[in-house]
Amino acid sequence: MGLLVSCGENNYQTEFQPTEQQPTAILSGSTVSRKAQLSSEAQLSQAQVRLLESLGLRIVIPSYVPPGFKLEKVEAELDHSSTVGGISYRIIYRKYETGSGKDFCFAIEATNGGIGDLPSGERSFPVNSSVLGKSTLEYGSYGQASNPTLLGNWLGPENGPFYRFVGAGVLPTLSRCDNISSQEAVRVTESLQYLP
């Protein structure tokens, strides 16, 4: 049995929504300043930081997000029945453009293990993170996406935890939005850093 916890950007509240497979708790809190480069709407709240710290994984966040993006929510998952990995989180960012009607989103995902190699996509973009090392961002068919999308190969130390960029459609929470450009996705990925 696993536990999925989500932490949004509004006033602090807790809501339990049990399902057949796993109970879900939703927390949200007001945003506090963590990095001067990010708008206040793109930064983790104190409640979100506490949620991620409770997982026992080092927290990695981007020091750059494209202008206009807001942190939509943080999801954390504990799956005690998993034999490999079982602890993960996703930090989800979103931007809605009222003029064009387009909705853009992406996530930063982390896991403690159980990763494999990502199949090469239609295009590969090199990534060189000063903190997490070299990798690639792939453009192709991944996850639940109905169209080609962006997905990063895992980054991190040899024994984990591991981190990556996740584009539109790969996860259910990213199903109704569009990708940012591959150049911006590489820039976000290369800006990943450990939260002090």
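Given the structure is predicted, the values throughout are model-derived calculations rather than measurements. In what follows, residues are counted from 1 in the order of the sequence shown.
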Sequence neighbours excluded - ring-ring contact (aromatic ring centres under 6.0 Å, His included) pairs with any residue from residues 99-145: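 Non-adjacent pairs meeting ring-ring contact (aromatic ring centres under 6.0 Å, His included): Phe69-Phe106, Tyr93-Phe106, Phe106-Phe165.
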
Salt bridge (charged side-chain N to carboxylate O under 4.0 Å, His left out) between Asp103 and Arg176, worked out: CA-CA 8 Å; Asp103 186 12; Arg176 296 184 180 188; over 6 Å; no

Under 3.5 Å side-chain donor-acceptor pair for Glu184 and Ser181: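 No - no donor-acceptor pair under 3.5 Å links their side chains.
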
Donor + acceptor pair across side chains of Tyr64, Glu190 (<3.5 Å):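 Result is no, nothing qualifies.
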
Any idea which heavy atoms bring [X] and [Y] closest together, and the distance?
| X | Y | value |
| --- | --- | --- |
| Ala185 | Leu150 | CB-CD1, 3.9 Å |
| Leu155 | Ser135 | CD2-CB, 3.3 Å |
| Asn153 | Arg164 | O-CB, 3.8 Å |
| Lys95 | Gly68 | CG-O, 3.6 Å |
| Leu57 | Asn112 | CD2-CB, 3.5 Å |
| Glu138 | Gly121 | OE1-N, 2.9 Å |

Test item: [X] and [Y] side chains (from C-beta on) under 4.5 Å apart, heavy atoms:
| X | Y | answer |
| --- | --- | --- |
| Tyr194 | Leu132 | yes |
| Leu192 | Ile61 | no |
| Ile59 | Glu53 | yes |
| Ser124 | Leu137 | no |
| Val60 | Leu195 | no |

To the nearest 0.5 Å, how far apart are [atom1] in [X] and [atom2] in [Y]?
| X | Y | atom1 | atom2 | value |
| --- | --- | --- | --- | --- |
| Glu75 | Lys73 | CD | NZ | 4.5 Å |
| Cys177 | Arg94 | SG | CZ | 4.5 Å |
| Leu44 | Leu52 | CG | CG | 6.5 Å |
| Ser191 | Ile108 | OG | CD1 | 7.0 Å |
| Leu171 | Ile92 | CG | CD1 | 7.0 Å |
| Gln144 | Thr149 | CD | OG1 | 12.0 Å |

Side-chain ion pair, Glu109 and Arg90, N-O less than 4.0 Å: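 Salt bridge present between Glu109 and Arg90.
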
Lys/Arg N to Asp/Glu carboxylate O, Glu72 vs Lys70, below 4.0 Å: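 Judged by the 4.0 Å cut-off on N to carboxylate O distance, Glu72 and Lys70 do not form a salt bridge.
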
Worked check of side chain to side chain contact (heavy atoms under 4.5 Å, CB included) between Thr111 and Tyr163: CA-CA 7 Å; Thr111 185; Tyr163 309 90; over 6 Å; no

Donor-acceptor under 3.5 Å (Asn179 side chain, Gly167 main chain):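 Answer holds: no.
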
Cluster link Ile180 to Tyr96, ILVMFWY, side chain under 4.5 Å: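 Cluster IDs for Ile180 and Tyr96 differ.
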
